Engineer: 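The structure is given below, and queries will be raised subsequently.
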Amino acid sequence: MGPLLRTVELFYDVLSPYSWLGFEVLCRYQNIWNISLQLRPSLIGGIMRDSGNKPPGLLPRKGQYMANDIKLLRHHFQIPIQFPKDFFSVIIEKGSLSAMRFLTAVSLEHPEMLEKVSRELWMRVWSRAAEKAGMSAEQAQGLLEKISTPKVKNQLKETTEAACRYGAFGLPITVAHVDGQTHMIFGSDRMELLAYLLGEKWMGPVPPAVNARL
């Protein structure tokens with residue numbers, strides 16, 4: 001009998017580009033490392049309010065840095081991430097409440113589709129996200145009808161509050177449960193530290209097994 005799987009939770013919001021980076025890295029490693037990956041759709045706006053933090057887009061220097069950072073990370077992580085032209089409208093005005101309620105509904109009703117639908121939302125194809133992920137139009141419509149139900153609203157609220165209890169002040173956060181201890185790691189650039197905590201080997205953001213398929 002092999003060693004028990006360690007649980008790793010990823011709290012994320014599709015408005016967070018760094019969440020996408022962390023998401024893809026953990027999805028790539030979930031079958032390489034001895035982990036059970038749990039995807040936890042959360043609301044970054046709620047975490048920001050609870051912690052008193054502000055989105056980097058509201059601070060000009062942070063916003064400019066992030067725009068340049070994403071250009072480099074696109075190539076380093078081999079993820080087709082781009083800074084949206086309508087950044088202020090998408091990030092500040094529109095927000096992610098509906099999107100994250102939709103993903104919460106997916107996690108409740110079709111958890112096996114959560115990874116694919118999350119990825120498609122990050123690809124910024126909102127109107128085709130569910131279809132491209134392999135979900136039928138009927139399934140997608142059924143989930144859209146559920147995003148305003150108390151069950152979905154409460155689940156997203158509870159997940160966001162769970163992230164806050166772990167100490168989140170932004171997203172993504174990765175929570176590793178190892179040998180009876182809980183470790184919260186912020187950001188997408190701490191995966192080497194996560195590997196250390198898990199006693200696993202870090203092979204960069206694109207491990208060889210994945211790189212061969214790209």
Side-chain angles (χ1 to χ4, degrees), residues 1-42 44 56 65-84 99 103 106-107 110-125 128-135 163 166 168 170-214:
M1 183 177 178
L4 294 175
L5 290 173
R6 278 75 53 84
T7 298
V8 173
E9 301 175 83
L10 176 69
F11 293 80
Y12 65 95
D13 187 313
V14 296
L15 280 192
S16 164
Y18 297 102
S19 284
W20 189 12
L21 300 174
F23 169 90
E24 293 293 357
V25 168
L26 287 176
C27 286
R28 290 167 179 175
Y29 273 93
Q30 64 180 326
N31 295 321
I32 298 175
W33 291 346
N34 185 40
I35 63 172
S36 173
L37 177 60
Q38 296 183 0
L39 300 177
R40 305 289 301 274
S42 313
I44 194 168
Y65 177 84
M66 186 169 70
N68 294 328
D69 195 34
I70 286 174
K71 291 178 184 178
L72 292 174
L73 293 170
R74 171 188 176 92
H75 300 288
H76 183 53
F77 280 76
Q78 295 187 35
I79 296 171
I81 188 170
Q82 296 190 56
F83 206 81
L103 287 180
V106 174
S107 71
H110 301 282
E112 74 284 357
M113 301 296 298
L114 183 57
E115 177 183 333
K116 290 184 177 181
V117 178
S118 297
R119 181 174 291 112
E120 290 300 333
L121 284 175
W122 266 304
M123 295 288 284
R124 306 191 58 75
V125 194
R128 297 172 57 195
E131 178 186 352
K132 288 192 68 176
M135 186 176 289
Y166 281 127
L171 291 175
I173 65 165
T174 303
V175 180
H177 303 273
V178 184
D179 298 329
Q181 294 187 325
T182 299
H183 305 271
M184 191 275 279
I185 299 173
F186 172 72
S188 58
D189 57 350
R190 298 290 188 274
M191 295 305 171
E192 187 172 1
L193 178 58
L194 176 62
Y196 168 75
L197 290 171
L198 294 170
E200 299 283 359
K201 184 178 180 181
W202 171 245
M203 295 174 280
V206 188
V210 173
N211 195 36
R213 299 196 299 267
L214 294 177

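Hydrogens, waters and symmetry mates play no part in the numbers below; they use all other heavy atoms, side chains included. Computed from a predicted structure; not experimentally measured.
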Engineer: Would a distance-only check, ignoring hydrogens and angles, find a side-chain to backbone donor-acceptor pair under 3.5 Å from Ser42 to Arg40?
Structural biologist: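 Checking the backbone N and O of Arg40 against the side chain of Ser42, a donor-acceptor pair under 3.5 Å is found.
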Engineer: Checking Trp122 side chain against Val14 main chain: does a donor-acceptor pair fall under 3.5 Å?
Structural biologist: yes
Engineer: Please report the closest heavy-atom contact between Tyr29 and Gly204, naming both atoms and the distance.
Structural biologist: OH-O, 2.7 Å
Engineer: Rounded to the nearest 0.5 Å, what's the gap from CG on Leu198 to CG on Asp179? Could you check?
Structural biologist: 9.5 Å
Engineer: Please name the pair of heavy atoms, one in Arg74 and one in Ile81, separated by the smallest distance, quoted to 0.1 Å.
Structural biologist: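 It is NH1-O, 3.2 Å.
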Engineer: Does Asn68 have more than 12 heavy atoms from other residues, nucleotides or ligands lying within 6.0 Å of its CG?
Structural biologist: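 Yes, CG of Asn68 has more than 12 neighbouring heavy atoms, counting only those of other groups under 6.0 Å.
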Engineer: For the residue pair Leu114 and Leu103, what are the closest heavy atoms and their distance?
Structural biologist: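 Shortest heavy-atom contact: CD1-O, 3.6 Å.
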Engineer: Name all pairs fulfilling the side-chain hydrogen bond (donor to acceptor under 3.5 Å, both in side chains) condition that reach into residues 194-209, sequence neighbours left out, sorted by first residue then second.
Structural biologist: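 Qualifying pairs: Arg6-Glu200.
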Engineer: Could you check if a side-chain atom of Ile185 sits within less than 4.5 angstrom of a side-chain atom of Met191, using non-hydrogen atoms only?
Structural biologist: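 With C-beta onward as the side chain, the pair stays apart.
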Engineer: Can you name the closest pair of heavy atoms from Met66 and Pro17 and give their distance?
Structural biologist: SD-CG, 4.1 Å
Engineer: Taking the basic N atoms (NZ, or NE/NH1/NH2) and the acidic carboxylate oxygens, is any pair closer than 4.0 Å for Glu115 and Arg119?
Structural biologist: yes
Engineer: Check whether any side-chain heavy atom of Ser19 lies under 4.5 Å from a side-chain heavy atom of Ser188, and answer yes or no.
Structural biologist: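 No; the side chains remain at least 4.5 Å from each other.
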Engineer: Give me the atom names and distance for the closest heavy-atom approach of Phe77 to Val206.
Structural biologist: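 Minimum heavy-atom separation between Phe77 and Val206: O-CG2, 3.5 Å.
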Engineer: Between Thr182 and Tyr166, is there a side-chain donor-acceptor contact under 3.5 Å, judged purely by atom types and distance?
Structural biologist: no
Engineer: Report yes or no: does Arg28 contribute a side-chain atom to a donor-acceptor pair with the main-chain N or O of Pro205 at less than 3.5 Å?
Structural biologist: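 Yes, because the side chain of Arg28 sits within donor-acceptor range (under 3.5 Å) of the backbone of Pro205.
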Engineer: Quick one: does any side-chain atom of Ser36 pair with a main-chain N or O of Leu5 as donor and acceptor, under 3.5 Å?
Structural biologist: no
Engineer: Just how far is it from atom OG of Ser107 to atom CG of Leu39, taken to the nearest 0.5 Å?
Structural biologist: 9.5 Å
Engineer: Would you name the heavy atoms of Met123 and Pro80 that are closest together and state the gap between them?
Structural biologist: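 Heavy atoms only, the tightest pair is SD-CG, 3.8 Å.
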Engineer: At what distance, to the nearest 0.5 angstrom, does CG of Leu73 lie from CH2 of Trp20?
Structural biologist: 12.0 Å
Engineer: Cut-off 3.5 Å, side chains only: do Asp189 and Tyr18 have a donor facing an acceptor?
Structural biologist: no
Engineer: Say you draw a straight line from CG of Leu171 to CZ of Phe23; how long is it, rounded to the nearest 0.5 Å?
Structural biologist: 14.0 Å
Engineer: Give a yes or no on whether Arg190 atom CZ has more than 12 heavy-atom contacts from other residues, nucleotides or ligands under 6.0 Å away.
Structural biologist: no
